[in-house]
Each structure stands twice: as C-alpha cells, then as structure tokens.
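Residues: numbered from 1 along the sequence shown. Only heavy atoms go into these numbers, but all of them, side chains included; no hydrogens, no water, no symmetry mates.
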Amino acid sequence: PANLRLCGAPLYDGAEGSLPEEVESFLAAGEAPILFALGSSAVWTAGDFWRQAAVAASRLGRRAMLITGPEAPGNLPAGIKAFSYLPYSKIFPRGAAVVHSAGIGTLAQAMRSGRPQLLVPVAFDQPDNAFRAAGLGLGRVLPFGKVDADRLVPHLVELLSRPDYGRAAEALARQLRRSDGAANAAAELEACLRG
C-alpha cells in the first residue's frame with residue numbers, strides 16, 4: 001500500500017554492559033566458536049538439539065557456544081560451553097558462524113552480525129524467514145526436524161569453507177548497521193501526527 005513504511009527491526013536484547021568474564025575468557029582462549037541459539041520460542045522445544053550441536057562441533061574439531069535458555073545440557077565436551085542467555089548483539093559478531101531458528105528477532109540480530117548462518121527453522125514465520133535469508137546468500141537452511149549431527153556437519157563444513165557466505169553476510173550487515181528501526185518508526189509516527 002502507498003502508506004506502507006519499512007522502518008527496520010526494532011532491536012533490543014538487554015545488551016547494556018559487558019559480556020560476563022567467563023564468556024570473554026572462553027572467546028579469548030581460541031578460535032571463534034560456532035554459536036548455536038534457538039531464540040525465545042524454539043528454545044522451549046529444543047529436544048535433543050543441544051546434544052546434536054555439541055556432537056557436530058566436536059566432530060568438526062571446532063569450539064562452540066550453546067545459548068540454551070533455562071535448560072543447559074551437562075557433560076559437554078571440551079571446547080563447548082553452554083550459557084542460558086547472552087545478548088545476541090554482542091555475541092553473534094564474535095562467532096565463526098551462527099546456527100539459529102530464524103525467528104524474526106534472532107534473524108535480525110544474526111543479519112547485523114555479519115556472520116554466515118545455518119538456519120534451522122522450527123515453525124510459524126521461521127521457514128519463510130530462513131529461505132529468504134538463504135536467498136540473500138548469507139547462509140544455508142536445514143529444517144529443525146531434520147537436525148542431527150550427521151546433517152549438521154556437512155552444512156557447517158560448507159558454510160565455514162566457502163567465503164562467499166561470509167562476504168554476503170558482512171555486506172548485508174554493513175547496510176543494516178546504518179539503520180535504527182525503532183528510531184525510524186518513531187520518526188514516521190511523528191511525521192504522521194504532524195500530518
């Protein structure tokens with residue numbers, strides 16, 4: 001419609017302050033980890049996802065961080081850490097790649113991170129979001145119902161070995177970082193009120 005205004009994502013993830021020292025120490029101790037996150041809704045139906053993520057990262061010989069919500073798995077292999085919550089705006093840019101469920105808020109933060117993505121959509125808007133993001137060249141899609149270590153490994157190998165995913169992700173992130181969705185929306189509302 002003629003009166004439609006695209007303002008951008010209204011981002012907020014409680015990112016005031018620094019990351020916890022435990023996180024900073026882990027990040028400083030080696031190569032950038034693969035980050036696994038299921039956002040605010042899919043985290044409640046994670047099932048075996050975290051274990052499969054840990055197995056896949058171990059098979060690849062890669063470090064990983066699992067952002068699990070309230071149910072953090074125990075007995076993780078060396079080089080893999082679980083955290084109940086980390087602000088995506090601060091942690092996603094520090095990863096080698098981001099594996100996430102493609103909910104709109106998580107996707108908005110991942111797209112601003114400039115990191116390649118493996119999108120594992122669960123439900124609702126997530127499959128459409130995932131395929132649109134993959135269509136931008138910044139990642140690959142593996143539906144959540146098909147996620148296991150055997151499938152994660154080749155997707156992650158492809159994602160991490162092909163620089164075109166990282167280049168596309170960084171190019172999009174540079175564009176998005178110039179936009180403040182909440183401020184844009186406020187300005188549009190004020191303009192409407194002024195008539």
Checklist entry - Do you know which two heavy atoms are closest between S101 and G39, and how far apart they sit? => result OG-N, 4.2 Å

Item to check | Set of side-chain contact (heavy atoms from CB on, under 4.5 Å) partners for V43, sequence neighbours left out | outcome: L38, W50

Checklist entry - Apart from L119 itself, what residues make up its hydrophobic cluster, given side-chain heavy atom links below 4.5 Å? => result L107, M111, F131, L136, L138, V141, L172, L176

Checklist entry - In chain order, what residues pass the salt bridge (Lys or Arg N to Asp or Glu O under 4.0 Å) check against R167, with sequence neighbours excluded? => result none

Next on the checklist: Among residues at least two apart in sequence or on other chains, which ones pass side-chain contact (heavy atoms from CB on, under 4.5 Å) with A149?
Outcome noted: Q52, V55, A56, R59

Next on the checklist: Can you list, by chain and residue number, the hydrophobic cluster partners of L19 when the side-chain cut-off is 4.5 Å?
Outcome noted: V23, F26, L27, L35, M65, I67, F83, L86, Y88, I91, F92, V98

Checklist outcome for this item: In V153, D148, V147, the residue satisfying side-chain contact (heavy atoms from CB on, under 4.5 Å) with R151 is D148

Sequence neighbours left out, cut at 3.5 Å: what donor-acceptor pairs do the side chains of residues 185-195 make with other protein atoms?
none

Item to check | Which atom of A72 lies closest to which atom of A82, heavy atoms considered | outcome: CB-CB, 4.2 Å

Checklist entry - Which pairs with one or both residues in residues 100-115 pass salt bridge (Lys or Arg N to Asp or Glu O under 4.0 Å), sequence neighbours excluded? => result none

Next on the checklist: Does anything in residues 122-147 form a salt bridge (Lys or Arg N to Asp or Glu O under 4.0 Å)? List the pairs, not counting sequence neighbours.
Outcome noted: D128-R132

Next on the checklist: Run the ring-ring contact (aromatic ring centres under 6.0 Å, His included) test against Y165 and tell me which residues pass, sequence neighbours left out.
Outcome noted: none

Checklist entry - Is a side-chain donor or acceptor of E158 paired with a backbone partner of H155 at a separation under 3.5 angstrom? => result no

Checklist entry - Does F144 belong to the same Ile/Leu/Val/Met/Phe/Trp/Tyr cluster as W44, with side-chain heavy atoms less than 4.5 Å apart forming each link? => result yes

Checklist entry - Is it the case that S113 and Q109 place a side-chain donor and acceptor less than 3.5 Å from each other? => result no

Checklist entry - Same cluster for V157 and I34 if Ile/Leu/Val/Met/Phe/Trp/Tyr side chains link at under 4.5 Å? => result yes

Checklist entry - Where do V120 and F49 land on the side-chain contact (heavy atoms from CB on, under 4.5 Å) test, with the steps shown first? => result CA-CA 10 Å; V120 293; F49 178 79; 4.1 Å; yes

Next on the checklist: Taking side chain to side chain donor-acceptor pair (under 3.5 Å) as the cut-off, I'd like each qualifying pair that reaches into residues 61-80, sequence neighbours left out, listed once.
Outcome noted: E31-R62

Checklist entry - Is a side-chain donor or acceptor of T45 paired with a backbone partner of A42 at a separation under 3.5 angstrom? => result yes

Item to check | Qualifying residues under side-chain contact (heavy atoms from CB on, under 4.5 Å), relative to P77, sequence neighbours excluded | outcome: A54, S58, I80

Checklist outcome for this item: Minimal heavy-atom distance between A168 and G137, with the atoms involved, is CB-O, 3.4 Å

Next on the checklist: I'd like to check the salt bridge (Lys or Arg N to Asp or Glu O under 4.0 Å) partners of D180; sequence neighbours left out, ordered by chain and number.
Outcome noted: none

Next on the checklist: Donor-acceptor check, side chain of Q126 to backbone of V122, threshold 3.5 angstrom: yes or no?
Outcome noted: yes

Next on the checklist: How long is the straight-line distance from CZ of F36 back to CG of L156, given to the nearest 0.5 Å?
Outcome noted: 5.5 Å

Next on the checklist: Given 3.5 Å as the limit, does a donor-acceptor pair link the side chain of N129 with the main chain of G103, or not?
Outcome noted: no

